[in-house]
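Here the structure comes first, spelled out in structure tokens, and everything after it is commentary.
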Amino acid sequence: MALTGRASLLALAGVLPVVLLPYGVTLLAVLVLLVAAIAADVLLAAPVSSLQLARSGAVTCRLGEEAEVRLSVVNTGTRAARGLLRDAWVPSAGTRPRVHRLDVPPGERRVLTTVLRPTRRGDRRPDRVTVRTIGPLGIAGRQGRHELPWRVRVQPPFTSRTFLPERLARLRQLDGLAAARVRGQGTEFDALRDYVDGDDVRSIDWRATARRSGLVVRTWRPERDRRVLLVIDTSRTSAGRVGDMPRLDAALDAALLLTALASRAGDRVDLLAMDRELRAAVEGARRGELLPRIVDAMCQLEPALVESDGRRMVSEILRRARRRSLVVLFTSLDAAALESGLLPVLGSLTSRHTVVLAAVGDPRVEEMTRGRGEISAVYGAAAAERAREERRRMTALLRRRGVEVVDAPPDTFAPAVADRYLSLKQAGRL
Amino acid sequence: MTTVPEVPATATGPTAGSVVRGSRGPVLVVLALVLTGLVVAVVSATGPRGFLDPNASDPSGSHAIAQLLRDRGVAVRRVESVEAVVSHPATTVLVPFPEALSADELSRLTTNAGELVVIGATGAGLDALAAAVTAGSPVPVEGRRSVCGLPSATRAGDVTLGGTTYNPTGAADAIGCYASGGRATLLRLPGQRLTLLGSGDLLTNGLLAERGNAALALGLLGSGRDVQWLLPRPGARNVQGERSLGDLVPTALKLAVLQLFVAVGALALWRARRLGRVVVEPLPVVVRAAEAVEGRSRLYRAARARDRAGEALRAGARDTAGRRLGLPAETGQTALVDAVSTRTGRLPGTVNALLYGAAPGDDAALVRLADDLDTLIREVAGT
């Protein structure tokens, strides 16, 4: 049961007869009338259970974009269902409107559209659908609920996809589609073809030329079918917010760009996300379904407030990547975390694979190093210099151990990782 | 945005039946509680209680003496206001709490034809009773001997008495009994048919059986055909001509206010009913990554760690200068100082003091050091 504002107004109007006929009986009569009217309205309101609700609409949505979920309401009762309907979702689903007006004549069907604008990655689910039907007098009604489970999977925004065309152009250049096909490092034999003016004379294949009448050159193309293993660290260091998003989200964005690029370059991409536990893994996906599967696996990733387990991470990597691979570790350059986690076990990784450690730098720390004039700003600058010094030390240490380090602020992080991949590919180090 | 076809769903909330079924347990529990309370109340009921109340059976009540009087054919009537007191020569009016009556009411009692027994009257009360008596300081209630000419006191012998003491100032026929240091705790003024008692303890159930208490009580109260026990109801005192606030407010307004309460109640019910429950959601923990660095800077400041702060700034400047000059990271002190002084034209000594000097002595020196290092780096960069 539920009252409306009109019930209160009606009770207020009851003051008039009570004042005009100031007897206790009048008060009692007004009260009885009020209760009777409310009871009648509740009884005459359409029963909520006679409504048939069904959901349809979006099941996936990219973060920052809108999705529509529709709710069809069929009135199977004999009375018109007028009132309010609230399709409740978790707050981060960003639903609009909060409350729908409901007016379904008997036997008819109406569709209510709820627009979601999620503010977080992951699965957004609705709570109950609460319906309040109001009686013909409009002073009271019934309230009931329906349970309609649904799920909208909110995917990472992949904002770095704007960088993709430029990187693909560079890849084509590498591929020799746009420039002269020359033999170089990181290339493999592609085909033989007739010599045309401008070809490098060094690429002439004399053995093939001897069998033919004309000059024949060898062409080369970059290595293909290399393996790239993306390892995303979801431990406590990934929770730190840099700019307006956590490190983890910057890492996911860069991983998506790298996935798109590497799959276009003909390499196989696998994904691993872990802290102490394995959080997500994508293995052996075919080219067409690779990006959707990786996106899907990323949806549910959240930073966990635990220290990463370097030993476990390395053993997982070694178990999965039997062939030589490019292992891209998305983690942080936090000295304490690295020294206790990854550094002691890094040797077994670098001996078998090419390892890139990609860490999101903090522009706030850079900004702090420029603090001058005030004593607190100078202390801030000193602390920031100290942090930078530590990062430099870690970077130098990792480079000595044969690890490529990418350290970039969030806005250039994804392209920086992609560029490092391209340069490694060019150098034939995959 | 991908879409899938509609799926049928049938799910509903509670029905009237399920609400009744669901609330059966709590309702039963409440009923059981109420029943238990009632049973306990009935079993442990002891009737009225009250000091010197003729209906009270507890040790401080006075049911026993009332019963004794009734056994002797003297009716005991509990009277709740002075207006209800019946004036008759063969009646006794007992006033256990004279302070509960106004002076007006007390003086009206003196006009009654019968006997008047007042317990513990003092100053203003004595004046109102028109008794030529002064009240003295109270004495403990204990066993006292009757050394006086009052027949009922003589018959009773020792009694438990004390409280206010009285000293007659006018009437020569006043009889004082159970004196303490020459001041009576029982004073009889035969002319006014008035008896003043220092305390009423001897009339309580608890003490009635001791000494000659019962005999004295019967002697004092049992002389007439009935006893009117004046126990004014608390708050019942109603001064003539005065009207309470409730009488002054018109009935219409009172009823209107009640109806307004109903309206406000309806308003509260309307606003209080939520359209569905509050939806909660676990949120991930997100900390600003620079928090640790900022914390370290505050620690530096709190500890006045100018040496460490200065060294950190110098290390940063050395690294920047080395990179600008294209020197390898592990360049030694002398080589770096030489390279910088060659580039900037500064003396090697000053460059050395700036990049490797002593820790700044105070905060101002640290601020200056930061600025000087900036200037040096700008010179190295050639801007």
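Residue numbers start from 1 in every chain, and the chains themselves are labelled A, B, ... in the order their sequence lines are given, proteins ahead of strands.
Summarising the geometry of A/Ser8 relative to B/Ala266, their closest heavy-atom pair is CA-CB, 3.7 Å, with the distance given to 0.1 Å. Taking each heavy atom of A/Val18 and B/Ala256 in turn, the nearest pair found is CG1-N, 3.8 Å. Between B/Ala263 and A/Ala11 the shortest heavy-atom distance is CA-CB, 3.4 Å.
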* **Worked check of side-chain contact (heavy atoms from CB on, under 4.5 Å) between A/Ile375 and B/Arg301** => CA-CA 8 Å; A/Ile375 185 63; B/Arg301 185 160 191 204; 3.6 Å; yes
* Apply side-chain contact (heavy atoms from CB on, under 4.5 Å) to the pair B/Leu313 and A/Val378, showing each step before the final yes or no. => CA-CA 9 Å; B/Leu313 289 173; A/Val378 173; 3.8 Å; yes
* **Residue pair A/Tyr379, B/Arg306: steps toward the side-chain contact (heavy atoms from CB on, under 4.5 Å) verdict** => CA-CA 8 Å; A/Tyr379 275 124; B/Arg306 288 182 284 269; 3.2 Å; yes
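No part of A/Arg370 comes within reach of chain B, as not one of its non-hydrogen atoms sits under 4.5 angstrom from that chain. With a 4.5 Å cut-off on non-hydrogen atoms, B/Arg277 touches chain A through its backbone and its side chain both. Interface remark: A/Leu305 contributes side-chain atoms only to the contact with chain B (heavy atom separation under 4.5 Å). At a 4.5 Å heavy-atom cutoff, the contact between B/Ala305 and chain A is made by backbone atoms alone.
Proximity of a side-chain donor or acceptor of B/Gln259 to a complementary backbone N or O of A/Leu16 within less than 3.5 Å is not detected. Of the possible donor and acceptor atoms, one in the side chain of B/Arg273 sits under 3.5 Å from a partner among the backbone N and O of A/Met1.
Between chain B and the residues A/Arg392, A/Arg236, A/Met245, the most heavy-atom pairs under 4.5 angstrom are made by A/Arg392. Note on A/Met368, A/Arg388, A/Glu389: by heavy-atom pairs under 4.5 Å with chain B, the leading option is A/Met368. Options A/Ala387, A/Pro91, A/Ala396 differ in how many heavy-atom pairs under 4.5 Å they form with chain B, and the most are formed by A/Pro91. Ranked by heavy-atom pairs shorter than 4.5 Å toward chain B, the options A/Pro17, A/Ala7, A/Gly373 are led by A/Gly373. Among the candidates A/Arg364, A/Glu302, A/Arg372, the residue making the largest number of heavy-atom pairs closer than 4.5 Å to chain B is A/Arg372. The most heavy-atom pairs under 4.5 Å with chain B, out of A/Val365, A/Val242, A/Thr4, come from A/Thr4.
Between atom CG of residue A/Leu21 and atom CG of residue B/Leu255 there is a gap of 10.5 Å, rounded to the nearest 0.5 Å. Within the model, atoms NZ of B/Lys254 and CG of A/Leu27 stand 12.5 Å from one another, a figure rounded to the nearest 0.5 Å. Rounding to the nearest 0.5 angstrom, the gap separating the CG atom in B/Leu275 from the CZ atom in A/Arg98 is 7.0 Å. One finds the CD atom of B/Glu311 at 10.0 Å from the CZ atom of A/Arg386 (value rounded to the nearest 0.5 Å).
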Going by atom type alone, with no hydrogens or angles, which donor-acceptor pairs under 3.5 Å involve a side-chain atom of residues 279-291 of chain B and a protein atom two or more places apart or on another chain?
from, atom 1, to, atom 2, distance (Å)
B/Glu281, OE1, A/Ser92, N, 3.1
B/Glu281, OE1, A/Ser92, OG, 3.3
B/Glu281, OE2, A/Ser92, OG, 2.3
B/Glu281, OE2, A/Arg120, NH1, 2.9
B/Arg288, NH2, B/Glu294, OE1, 2.6
B/Arg288, NH2, B/Glu294, OE2, 3.1

